[in-house]
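This report refers to the structure that appears directly beneath it.
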Amino acid sequence: MEMRQGILVTSGIDIAEHKAAESLYKAIVSKHKDKSPDPKATRGKLIDFLLSDFLEPTLIQPTFLYDYPRDISRWRNPNRAIR
């Protein structure tokens with residue numbers, strides 16, 4: 001499962017539309033009033049928050065996630081399809 005698509009389906013937030021941490025934070029708190037991520041978190045930490053709170057609880061083992069954003073996986077190779 002592509003991580004971006006999984007987060008979009010489970011949280012309703014497209015992480016690709018929010019290139020800055022502030023924008024992603026605002027999207028999270030406006031769409032999910034009951035969730036409270038750290039307002040000073042980096043974009044990577046906010047993506048990890050979405051992954052942990054929304055996507056991971058829906059996964060059935062084993063599930064492979066691919067196309068991790070560079071913000072949370074510094075060893076990731078650039079995706080040639082996304083430019």
Side-chain angles (χ1 to χ4, degrees):
M1 169 183 290
E2 181 187 13
M3 181 182 285
R4 174 185 169 204
Q5 184 64 30
I7 289 174
L8 176 60
V9 168
T10 57
S11 72
I13 297 171
D14 186 354
I15 59 174
E17 291 181 4
H18 305 282
K19 301 292 185 192
E22 298 82 20
S23 172
L24 185 55
Y25 174 79
K26 288 177 184 176
I28 294 169
V29 297
S30 68
K31 191 168 269 293
H32 302 284
K33 309 247 187 269
D34 59 325
K35 300 292 183 182
S36 57
D38 180 0
K40 295 180 182 174
T42 64
R43 182 173 183 268
K45 293 286 185 186
L46 293 170
I47 293 171
D48 187 55
F49 173 83
L50 291 170
L51 175 66
S52 299
D53 279 28
F54 294 97
L55 180 56
E56 284 180 349
T58 68
L59 299 178
I60 298 171
Q61 302 298 328
T63 301
F64 294 96
L65 295 175
Y66 60 92
D67 287 344
Y68 273 68
R70 186 176 300 258
D71 294 299
I72 62 172
S73 179
R74 65 186 197 145
W75 302 112
R76 171 194 154 328
N77 288 327
N79 183 346
R80 292 179 185 89
I82 301 172
R83 298 226 178 230

Judged by atom type as modelled, is there a donor-acceptor pair below 3.5 Å linking the side chain of [X] to the main-chain atoms of [Y]?
X	Y	answer
H32	S11	yes
R43	I15	yes
S23	A20	no

Please examine the side chains of [Y] and [X], heavy atoms only from C-beta on, and report whether any two atoms are closer than 4.5 Å.
X	Y	result
F49	I28	yes
L50	L24	yes
V29	P37	yes
R4	L8	no
L65	L59	yes
M1	L55	yes

P57 to S52 - nearest heavy-atom pair and separation: CD-O, 3.4 Å
Nearest non-hydrogen partners of A41 and A21, listed with the distance: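 Looks like O-CB, 3.6 Å.
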Y25 six-ring face occupied by K40 cation (under 6.0 Å, within 45°): no
Salt bridge flag under 4.0 Å for residues K45 and D38: no
Reference residue E56; test side chain to side chain contact (heavy atoms under 4.5 Å, CB included); the match among T10, L51, D48: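 Going through T10, L51, D48 one by one, the side chain to side chain contact (heavy atoms under 4.5 Å, CB included) with E56 is satisfied by L51 alone.
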Within 6.0 angstrom of K31 NZ, more than 12 heavy atoms from elsewhere: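 No, because the 6.0 Å sphere around NZ of K31 holds 12 heavy atoms or fewer from other groups.
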From NZ (K26) to CG (L46), nearest 0.5 Å: 12.5 Å
